[in-house]
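Atom set for the values below is all heavy atoms of this structure, side chains included, hydrogens, waters and symmetry mates excluded. Whatever order the structure lists them in is the order used to number ligands and atoms, beginning at 1. Quantities reported herein were computed from a predicted structural model and do not represent experimental measurements.
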Amino acid sequence: MSIEQLAETALAMVAPGKGVIAIDESTATIGKRFAAVGIENSEENRRAYRELLLTAPKLSAHISGAILYDETLRQSTKDGVPFAKYLADNGILPGIKVDRGTVPLAGFPGELVTEGLDGLRGRLEEYYRLGARFAKWRAVINIGEDIPTGTCIEANSHALARYAALCQEQGLVPMVEPEVLMDGEHDIETCYEVTEAVLRSLFGALYEQNVLLEGTILKASMVVSGKGCEEQADVQEVAESTLMCLKSTVPAILPGIVFLSGGQDDEHATAHLDAMNRLGPNPWPLSFSYGRAMQQAALALWAKDTTANFAKAQQTVLARARDNGQAALGQWKGPG
Ligand code: 13P
């Protein structure tokens, strides 16, 4: 796989007005989302729900790629078309979550490290054969008293860089995701400082591991106030802080940055992205790779009546894709 091909895939992921839908919840995580709306966490329900999302008509007008979970990459539509083929045939790049989740970092209470490097080369080889063209790895950074530590940040950056190098070797674009969690009472300045340290460390590690930035996408968390912080930063401050933090840490040669929603409500996730793009031109396309902020409205609707509301739920996903696609251009028309 040449760097030109990786770069082409990376650029397609952040094509103007398009972003990524993240539907890569592990079986345990989708189980929590299903439980909240009264849906049984069976393999068929997971398949049917993912089919609803992936086959929403004209999704590719605003969606460039979809991140799947291992199980979903091996599943098919009810008509027997493998999801990866369905996506590729409809102009959407299939992606895959390849990390194996987080575990406590030994010796560092309250901190996490992401696992999944052992045997990763072989798994990536298979994922490519199954049709995946990009791969996501999520590191989680907690903010709290005396955390994150430098050790936690470095351990996670090292793993992200090792995974990213393996992805490029196997022809997949790495979507590197260091998520600074919104949980906590910290203010936006603290989130800024932590995010800055995390991104500096990450890009240092990518350089050390010979990762080619031209074939890499960053999936970033926004610089926001902690959920429990009394004084919540407004949309403009979030947009300005996030942009400043990214501009001071992320090389301009990166093909694009996509954001996670991380527990923001739908409207804020869209408004923040829109505001950042209105502040442009920026060094890279800024788009979305939302999970909850793309799905939650559709899931709630579908759960009420999985048959009667199927089409309506698809229209809801489409509306979220359209709004976020407009926000990726700084052209969102606002709520309602
Ligand atoms: P959220 O947008 O729900 O944070 O999910 C995105 C994602 O893929 C997290 O890893």
**Message:** Could you tell me if Arg133 sits above the aromatic ring of Tyr128, with its cationic atom closer than 6.0 Å to the ring centre and no more than 45 degrees from the axis?
**Reply:** yes

**Request:** Determine yes or no for a side-chain-to-main-chain donor-acceptor pair under 3.5 angstrom, with Ser225 supplying the side chain and Gln232 the backbone.
**Result:** no

**Those protein residues which place at least one heavy atom below 4.0 Å from ligand 1** = Ala22, Asp24, Lys136, Arg138, Glu177, Lys219, Leu260, Ser261, Gly262, Ser289, Tyr290, Gly291, Arg292

**Sidechain-backbone polar pair: Ser64 side chain, Ser60 backbone, donor-acceptor under 3.5 Å** = no

**salt_bridge(Asp183, Lys227) N-O dist < 4.0 Å** = yes

**Request:** Please state whether the rings of Tyr49 and Phe34 are parallel, tilted or perpendicular, taking 30° and 60° as the class boundaries.
**Result:** perpendicular

**Item:** Salt bridge flag under 4.0 Å for residues Glu51 and Arg47
**Value:** yes

